[in-house]
Amino acid sequence: MASSTKQIDAPPPGATAQNQLAQNQVPPLTGYNLFLADRTLTQAIDREGAVWAREQLTELGRLLGTEEAQRWGFDANENLPVLHTHDVYGNRRDEVVFHPSYHQLMRTSVENRLHSLPLVESKKGAHVARAALLMLTAQNEAGHTCPISMTFSAVAALRAEPELARQWEPKIVSRVYDPGFAPAEEKQGALLGMGMTEKQGGSDVRANTTRAERIGGSREYLITGHKWFCSAPMCDAFLVLAQTPKGITCFLLPRWTPTGERNAFYIQRLKDKLGNRSNASSEVEFAQAWAHLVGEEGRGVQTIIEMVNHTRLDCAIAAAALMRQALLQAVHHARFRSAFGKLLIEQPLMRNVLADLAIESEAATLLMLRLASSFDRRETDERERAFCRVATAVSKYWLCKRSPVHVGEALECLGGNGYVEESIMPRLYREAPLYSIWEGSGNVICLDVLRALAKEPVAGEALIAELKSTSGADKRLDAYVARLDHQLISKAGNGPLHGYGAAEYSARELTEKLAFALQASLLVRHSSPEIAEAFMSSRLEGQHGQNFGTLPANVTVASILDSLPAL
Ligand SMILES: Cc1cc2nc3c(=O)[nH]c(=O)nc-3n(C[C@H](O)[C@H](O)[C@H](O)COP(=O)(O)OP(=O)(O)OC[C@H]3O[C@@H](n4cnc5c(N)ncnc54)[C@H](O)[C@@H]3O)c2cc1C
């Protein structure tokens with residue numbers, strides 16, 4: 001493939017014609033279909049019975065690959081949300097104003113039901129279909145998917161309060177994006193957020209000091225306190241945790257009270273944050289804000305955990321999406337850019353790097369899709385429920401830890417251009433580490449893996465059963481799984497996991513091994529023999545260095561790279 005050269009006809013005064021030539025630069029990666037270009041995704045849709053979503057995926061994949069939709073992502077990140085605490089007369093306003101491109105992104109995602117598909121669609125594979133839609137969207141612009149994800153996830157927790165769910169769900173599942181700031185009854189669609197983290201404690205929500213006082217004998221309360229992080233504060237309502245005399249409790253706190261007044265929800269300031277910049281994240285205070293109880297008083301963590309589990313799934317999906325987009329950008333660049341007399345993609349060491357990134361991306365996509373399928377199946381299959389319990393934590397931890405490293409390597413493939421804002425790479429790079437802190441940071445998630453294994457032995461059994469389903473396909477994988485099985489049994493049976501004190505120290509190591517084994521087993525089942533073999537020899541056999549681009553010599557890099565789409 002030839003490199004591209006752009007000629008500008010009339011150089012400005014003083015410039016030489018030579019300076020106006022963009023020689024050996026790469027054509028922009030635009031005008032492609034993100035879905036059709038992704039074989040792992042298209043195959044998964046067929047395999048999981050979600051063929052019914054193909055048309056929608058194809059259309060969204062096309063739209064998001066257009067220059068116009070790519071521009072939305074850039075504009076929404078270059079024109080940051082603005083907080084208006086007061087109006088000109090000094091009245092509280094507490095509104096955030098977004099760029100029109102942000103609204104366009106939100107509208108596209110809501111119309112595509114990224115915030116609700118499995119809630120309204122009873123066909124097979126609805127979670128997998130939604131995961132694929134989110135995978136496409138997060139490659140284009142991930143910031144706005146925060147409120148989309150929270151809205152989707154909140155419903156699972158909201159259903160602990162059936163009357164409230166009955167009132168809110170029709171607005172939540174609506175296909176109309178309605179950004180107006182008005183009581184939800186007056187709107188055509190509603191979005192939900194979440195407020196758990198306080199200044200004195202985020203992971204340890206038991207440290208929450210925000211208090212809820214009951215109004216008479218009802219299920220209505222007045223909440224006073226703060227949240228140190230509250231993303232997407234223009235959502236219509238929030239699931240928040242607050243203390244009652246019975247302990248931490250979950251509430252639904254809307255922006256407007258049932259009597260049609262602005263609730264006492266005060267946005268103090270917006271966070272100036274690393275990534276996710278198109279989306280607003282705020283600090284808020286509540287001064288006797290009206291809220292409705294969700295679930296049982298004193299069991300707030302148990303109530304909100306269903307929301308948390310769904311957002312963890314979305315973190316895994318988004319992490320895989322960032323890796324995929326970074327890979328596409330890197331390979332595209334290497335196919336057009338020459339150095340030292342050859343295209344970069346012909347340089348042996350670059351081939352090692354790109355193939356290694358491709359293996360990681362494929363393993364990530366397969367893992368998040370398998371997780372999504374367990375969300376589909378867990379309602380009717382007890383083993384899938386148990387698998388989902390532990391696989392959510394394993395996948396969330398591993399993919400969110402891998403994506404910053406992966407994206408960081410991929411941007412170097414673009415040379416200096418990868419560090420310049422006009423390429424999408426800096427945005428991907430800033431976004432990647434956030435998924436690791438959200439919804440349970442790295443350590444907290446690994447401790448959750450231990451908790452799942454110790455408290456629900458069926459979860460470990462389901463995981464091992466899944467791994468053994470590929471028994472006989474590869475001796476290295478069989479041996480790896482046998483060692484893991486032994487490790488889990490001995491820990492669960494003899495103590496450390498059974499109270500998991502001592503096991504805490506090694507929780508990351510165990511989680512990492514479980515993730516490796518799951519990815520290897522999925523690659524054996526669903527990927528090309530070349531990629532599966534490369535994963536085994538590099539990741540399972542340990543013939544791999546600390547960085548990408550350290551694949552051993554036996555890997556058939558040519559077939560791995562040839563399988564990537566030429567865009
Ligand atoms: C951009 C952004 C948006 C956010 N949006 C929201 C939101 O909308 N709603 C919301 O509720 N929160 C939100 N958060 C907050 C986020 O969920 C918390 O930051 C996170 O849960 C960690 O809490 P913390 O900041 O209090 O850190 P801490 O809980 O103090 O943790 C600090 C470190 O200690 C580690 N650690 C904690 N406990 C243990 C342990 N037992 N063993 C070993 N290590 C441990 C953690 O892994 C972490 O690395 C947002 C954060 C960011 C960055």
Side-chain angles (χ1 to χ4, degrees), residues 309 312-313 315-316 319-320 359-360 362-375 378 383-403 405 435-436 439-471 473-474 476-494 496-498 500 502-526 532 535-536 538-542 544:
N309 279 335
R312 285 178 181 172
L313 164 67
C315 288
I359 294 163
E360 195 70 28
E362 170 111 349
T365 304
L366 285 175
L367 184 56
M368 77 80 178
L369 287 165
R370 175 64 187 94
L371 180 63
S373 80
S374 73
F375 274 78
R378 68 180 188 159
R383 197 171 99 176
E384 283 291 317
R385 193 203 59 74
F387 174 81
C388 182
R389 167 69 186 92
V390 65
T392 302
V394 169
S395 314
K396 197 277 185 184
Y397 170 74
W398 185 241
L399 300 185
C400 297
K401 282 291 172 203
R402 292 307 279 165
S403 63
V405 190
Y435 293 99
S436 184
E439 313 306 342
S441 50
N443 288 352
V444 169
I445 289 283
C446 290
L447 296 178
D448 190 51
V449 171
L450 293 189
R451 193 174 302 114
L453 294 172
K455 292 199 169 163
E456 293 185 49
V458 285
E461 286 160 25
L463 192 70
I464 293 295
E466 166 95 4
L467 295 174
K468 287 188 174 169
S469 69
T470 41
S471 203
D474 187 286
R476 292 160 296 187
L477 178 56
D478 290 350
Y480 198 87
V481 171
R483 283 196 298 276
L484 258 179
D485 190 10
H486 183 259
Q487 195 176 348
L488 290 191
I489 291 168
S490 60
K491 285 195 168 171
N494 297 341
L497 266 186
H498 217 65
Y500 60 83
E504 284 190 31
Y505 184 76
S506 330
R508 280 187 181 228
E509 191 214 345
L510 176 67
T511 307
E512 189 169 313
K513 283 184 183 162
L514 292 171
F516 268 151
L518 261 176
Q519 289 188 316
S521 145
L522 287 161
L523 288 165
V524 164
R525 277 176 273 168
H526 307 306
F535 190 91
M536 300 297 164
S538 59
R539 273 71 165 170
L540 285 201
E541 271 191 306
H544 197 256

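Heads up: numbering here begins at 1 and tracks the sequence.
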Evaluation steps, salt bridge (charged side-chain N to carboxylate O under 4.0 Å, His left out), between Arg508 and Glu512: CA-CA 6 Å; Arg508 280 187 181 228; Glu512 189 169 313; over 6 Å; no

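One finds the CG atom of Leu399 at 11.0 Å from the OG atom of Ser436 (value rounded to the nearest 0.5 Å). For the atom pair CE of Met368 and CG of Leu522, the computed distance is 11.5 Å after rounding to the nearest 0.5 Å. A distance of 14.5 Å separates OH in Tyr397 from SG in Cys315, rounded to the nearest 0.5 Å. Atoms CD1 and CZ, on Ile445 and Arg312 in that order, are 3.5 Å from each other to the nearest 0.5 Å. The CD1 atom of Ile464 lies 12.0 Å from the NE2 atom of His486; values are rounded to the nearest 0.5 Å. Phe535 contributes atom CZ, which lies 9.5 Å from atom CG of Leu477 (distance to the nearest 0.5 angstrom).
By the side-chain hydrogen bond (donor to acceptor under 3.5 Å, both in side chains) test, Glu384 pairs with Arg370, sequence neighbours left out. Qualifying side-chain hydrogen bond (donor to acceptor under 3.5 Å, both in side chains) partners for Ser538, counting only residues two or more places apart in sequence or in other chains: none.
Using a 4.5 Å cut-off on side-chain heavy atoms (C-beta onward), Arg483 and Gln487 make no contact. Between Lys396 and Tyr435, every side-chain heavy-atom pair lies at or beyond the 4.5 Å cut-off. Taking the side chain as every heavy atom from C-beta outward, Leu514 and Leu510 approach each other to under 4.5 Å. Residues Val405 and Glu360 form no side-chain contact, since every pair of their non-hydrogen atoms from C-beta on lies 4.5 Å or further apart. Between Val394 and Leu371, every side-chain heavy-atom pair lies at or beyond the 4.5 Å cut-off. Counting only heavy atoms from C-beta outward, the side chains of Asp485 and Lys468 approach each other to under 4.5 Å.
Pairing each heavy atom of Leu467 with each of Ser521, the nearest pair is CD2-CB, 4.1 Å. Residues Val524 and Ala473 approach most closely at CG1-CB, 3.5 Å, considering heavy atoms. Contact between Ala462 and Arg383 at its shortest, heavy atoms only, is CB-O, 3.5 Å.
Salt bridge present: Arg389 and Asp448 bring a charged side-chain N and a carboxylate O closer than 4.0 Å.
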